[in-house]
Amino acid sequence: MGSLLPFQDLNLLPDAPSSATGAIALKVPKLEPKTEPFDETFASQLHEPQTHQLQEAQVPQDPFFPNLSPNSQQQQLALFSEQGFGHSPISQTSAMSSDENNVYSEFHRISELFRTAFSKQNGGALPDSHPDSRAIVPVPEQNQVAEVIIPRKRTQRSAELVRVTNLGIEDERYFRNVVRRTRMTFDSLRVLSAAEEEKKQGLGLGTRRMRGDLRASSVMKDRDLWLNRDKRIVGSIPGVYIGDLFFFRMELCVVGLHGQVQAGIDYVPASQSSNGEPIATSVIVSGGYEDDEDAGDVIIYTGHGGQNKFNKQCCHQKLEGGNLALERSMLYGIEVRVIRGIKYPGSITANAKVYVYDGLYRIMDCWFDVGKSGFGVYKYKLVRIDGQPEMGSSVLKFATSLRTKPLALRPVGYLSLDISRQKENYPVLLFNNIDSDQEPLYYDYLVRTVFPPFAYHQSGNGTGCECTSSCAEDCFCAMKNGGEFAYDSNGLLLRGKPVVFECGPFCRCPPQCRNRVTQHGLKNRLEVFRSMETGWGVRSLDLIHAGAFICEYTGVVLTREQAHVISMNGDNLVYPQRFSDRWAEWGDLSQIFADYVRPAYPPVPPLDFAIDVSKMRNVACYMTHSSSPNVMVQFVLYDHNNLMFPHLMLFAMENIPPLRELSLDYGVAEEWTPKLSICN
DNA sequence: GTGCCATCAAGTTG
DNA sequence: CCAACTTGATGGCA
């Protein structure tokens, strides 16, 4: 007990009893004597906090670690399922030839997989009690129908409470990757489902509404891909950081941050709790209750219930369910996760809402009050625990005002409000409030990479599409991308590829064509900033959606021979082929479809050039290296067809909150600092 | 005590 | 504005 256990060991002992793995099963002790239930009689004593009585009856000691002071809980958790992160080997069934691949629309194939999976899931021919669901899946290379077993598991949530503390760096990274991969799958399925529905409607078939979020979560639940279902976690969820952004309630369920689809209070129910009392784990402050008062660090949170379907308070709330759980959590001093649902215009959803994880709060007070409606409501005073990173929601607000009046909010530190000098669509700010370094000011800003002239001449000219209005799926450029476009209608990258072919000057389609994304340049206000830890870094003042294009990695292209000469002088060169193949993770659905095979894209020759950023550069070269990055490289061609010289385009690998540092996996050992050392 | 099932309550999304 | 949607908790019954 108490020793730091690397997750690798835990993986070896997934079913071992908790004592053997160092896990701490949090047992709620029996209350002796049992306190008075908190009931409607308090309604007669309005505004009188009734907690002192309860606190006296119960020492405010952590019931889960009765022998420890609250500050010495150095234990390492425990027991995480491997679910969703098994390295599922991509099945090596007969790979399609490149020609077949071009003819057969990859998109269509995935849609089919999706459709058949759904038709089974929604009843289909099999009784629900059947342990497996047998989806009928078309196998393109044989043009026949094959049966693939897709596991159908709908496991119940566990009631065992655990708290996760002091994860090592490796563990943090591991869980972060699990969470990211899970969210990537969710997003892929969601978008796919929406596209599928759109298609059906185009054919005059589908009449159902599009709820990609619901369908994605449902499929993932069938595949047992929801996270943290085998334990109920009190406190922070491994792999989820304060400030992380979510666009759907379902997404919160899938990662295990909040397990209620609609309700604002998530809790371990009394019936499953070890002492027969419910314990709250998380709340969502969504603005749905008129009696809520949100002051950031302190929230007056209203319990749930008592509303009619128009969200109007129509009767008294009762101390049951989540309301009782919050009260019990207060009694035991158990912290709750707080997620805020706030209006944010940059959100992709129709209601323009975003959910922000804001960290842990303690319930300090609880009373029964008369709400604005005149009906009785339960109120809870939540106070944010000290020592946590800044709240995501306040960062969001700060960034919003920073966009319009940077100098008012940060009078000191801005060296430039646009180092691109209006060469980019959006300004690139330069901020340093740490030291006197001004280096980024002294370089020529290069918006697009400069390729040598022969790169253009060597490529086959005139291979563009003939679409006059908008490009459709039978467009020549779609074929070049394996029968599908790389982007959805919002310009988000759907699936990573060795190379993405955008429409370009050889095409007849207009500039607004959906297959032109990266060539239009920046979509966000970026900021180069100085930090103690990483020197120069890059962050965005806007929220960047997962899959969104951020910027190009620009510089002057050098051939191998030129690079060899230049590097003798010790200049900084970037080698494109060194970037790790993160694109392969993007849109990978092998976890979902048993026979999912990544399409055999046309082979891409190894890239044999270097990018010199010693004189001309753009914002990208200030990005920090990370082996758990939030930005990835996707090679893109648009202004020529030379596979040897693609553009290095950077895309977001997750929803990146404003002001969070962007990082890139330069694909090299940690000791090599790929980010330019500007100081020397 | 346990397992199954019907019912209910919880807001979000398009 | 409203219809469609889903999960988890609970209580009754076998």
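Within every chain, numbering begins at 1; the chains are lettered A, B, ... in the order of the sequence lines, protein sequences first and strands thereafter.
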Taking 4.0 Å as the cut-off, does a side-chain nitrogen or oxygen of [X] come that near to OP1 or OP2 on [N]?
| X | N | answer |
| --- | --- | --- |
| Tyr289(A) | dG11(B) | yes |
| Arg157(A) | dA9(C) | yes |
| Ser271(A) | dT10(C) | yes |
| Lys221(A) | dG8(C) | yes |
| Lys353(A) | dT13(B) | no |
| Ser217(A) | dT6(C) | no |
| Asn351(A) | dT12(B) | no |
| Tyr355(A) | dT13(B) | yes |
| Gln307(A) | dA10(B) | no |
| Arg229(A) | dG8(C) | yes |

For Asp297(A), salt bridge (charged side-chain N to carboxylate O under 4.0 Å, His left out) partners two or more places apart: none
Between [N] atom [atom2] and [X] atom [atom1], what is the distance in whole Å?
| X | N | atom1 | atom2 | value |
| --- | --- | --- | --- | --- |
| Asn323(A) | dA9(B) | CG | C1' | 12 Å |
| Glu251(A) | dT7(C) | CD | C1' | 17 Å |
| Arg249(A) | dA9(B) | CZ | P | 18 Å |
| Arg215(A) | dG14(B) | CZ | P | 13 Å |
| Lys318(A) | dA9(C) | NZ | P | 19 Å |
| Met250(A) | dG8(C) | CE | P | 8 Å |
| Leu324(A) | dA9(B) | CG | C1' | 16 Å |
| Arg328(A) | dA9(C) | CZ | P | 18 Å |

Ring centroid separation His304(A) to Tyr289(A) under 6.0 Å: no
5' priority, DNA chain B, between Ile348(A) and Ala263(A) [closest heavy atom]: Ala263(A)
No-H, no-angle donor-acceptor pair, Arg211(A) side chain to dT6(C) base, under 3.5 Å: no
What's [X] touching, base or sugar-phosphate or nothing? Going by heavy atoms closer than 4.0 Å.
| X | answer |
| --- | --- |
| Gly305(A) | sugar-phosphate |
| Gly259(A) | sugar-phosphate |
| Asp213(A) | sugar-phosphate |

Side-chain donor-acceptor pair present, Asn524(A), Ser540(A), cut-off under 3.5 Å: no
Closest approach to the side chain of [X], judged atom by atom: which nucleotide of [options] is it?
| X | options | answer |
| --- | --- | --- |
| Arg232(A) | dA9(C), dT13(B), dT6(C) | dA9(C) |
| His304(A) | dT6(C), dG11(B), dA9(C) | dG11(B) |
| Gln262(A) | dA9(C), dT13(B), dG11(B) | dG11(B) |
| Leu214(A) | dT13(B), dG11(B), dT6(C) | dT6(C) |
| Trp226(A) | dT12(B), dG8(C), dC5(C) | dG8(C) |
| Pro269(A) | dT6(C), dT12(B), dT10(C) | dT10(C) |

When you check the gap from the basic side-chain N to the acidic O, do [X] and [Y] get nearer than 4.0 Å?
| X | Y | value |
| --- | --- | --- |
| Asp294(A) | Arg340(A) | yes |
| Arg190(A) | Glu251(A) | no |
| Asp266(A) | Arg232(A) | yes |
| Asp244(A) | Arg660(A) | yes |

Canonical and wobble pairing (Watson-Crick, G-U, under 3.5 Å) of DNA chain C, dot-bracket with |: .|||||||||||||
Over 12 non-hydrogen atoms of neighbours within 6.0 angstrom of NZ in Lys381(A): no
Derivation of the side chain to side chain contact (heavy atoms under 4.5 Å, CB included) call for Leu589(A) and Leu189(A): CA-CA 8 Å; Leu589(A) 287 175; Leu189(A) 290 171; 4.2 Å; yes
